[in-house]
Amino acid sequence: MDAAIVKILRSIPRGKVATYGQVAAVAGYPRRHRHVAQLLRKYGDALPWHRVLGSGGQLKTRSDSALDQRFRLQMEGVRFRGSRVDMREHACTWPSERSKALRRRT
DNA sequence: CTTGTGACGCATC
DNA sequence: AGATGCGCCACAA
């Protein structure tokens, strides 16, 4: 299981971001969003943890890492909208998911 | 086995 | 925008 989730995390391309729920779902575990967080806590130091966000693109990181995360994301080209990320532009999508990302409005 | 915990998610207030 | 409550599920004690 961990391997599946980790695999997804590694598959997040640079300049893009994914939510816990999405990662969990794509990995094959729709309701395991919290475990994604648990894994990031354990192996996060060896994964693109900064590309994992909460729903809507919110930085859930409570620690001071939030600043680091935000900085890293911007460094990768991710645009922020106030305190959150432009999921509309950087929302990572997998073939397993529907192409709802196309439903973007300006 | 029972409790407590948690980088969550959504509904509500 | 911030806080609270409930649901969710694996893991630790």
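Below, chains carry the letters A, B, ... as their sequence lines are ordered, and counting in each starts from 1.
Nearest-nucleotide assignment on DNA chain C puts the 5′-proximal partner with Arg84(A), out of Arg84(A) and Asp2(A).
Salt-bridge check for Lys16(A) with Glu89(A): failed, with every basic side-chain N at 4.0 Å or more from each acidic carboxylate O.
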- request: Run the numbers on Arg88(A) and Arg81(A) for side-chain contact (heavy atoms from CB on, under 4.5 Å), then give the verdict.
  value: CA-CA 10 Å; Arg88(A) 210 204 309 205; Arg81(A) 213 199 266 176; 2.3 Å; yes

- request: Give the C-alpha distance, both sets of side-chain angles, the deciding distance and a yes or no for side chain to side chain donor-acceptor pair (under 3.5 Å) between Ser11(A) and Trp94(A).
  value: CA-CA 9 Å; Ser11(A) 72; Trp94(A) 282 267; 3.0 Å; yes

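Counting only heavy atoms from C-beta on, Ser83(A) has its side chain closest to dA1(C) among dC8(B), dA1(C), dC9(C).
Between the CG atom in Leu39(A) and the CG atom in Leu9(A) there is a gap of 7.5 Å [rounded to 0.5 Å]. Atom-to-atom distance recorded for Tyr29(A):OH and His35(A):NE2 is 10.5 Å, nearest 0.5 angstrom.
Here Thr19(A) does not reach the OP1 or OP2 of dC8(B): none of its side-chain N or O atoms lies under 4.0 Å away.
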Pairwise N/O distances under 3.5 Å, protein to nucleotides 3-7 of chain B:
residue, atom, partner, partner atom, Å
dG6(B), N7, Arg34(A), NH2, 3.2
dG6(B), N2, Gln38(A), NE2, 3.2
dA7(B), N7, Arg41(A), N, 3.2
dA7(B), N6, Leu40(A), O, 3.3

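In this structure, the OH atom of Tyr29(A) is 19 Å from the P atom of dC8(C), given to the nearest Å. Spacing between atom NE2 of His33(A) and atom P of dC8(C) amounts to 10 Å, rounded to whole angstrom units.
Surrounding CZ of Phe80(A) are more than 12 heavy atoms belonging to other residues, nucleotides or ligands, all under 6.0 Å away.
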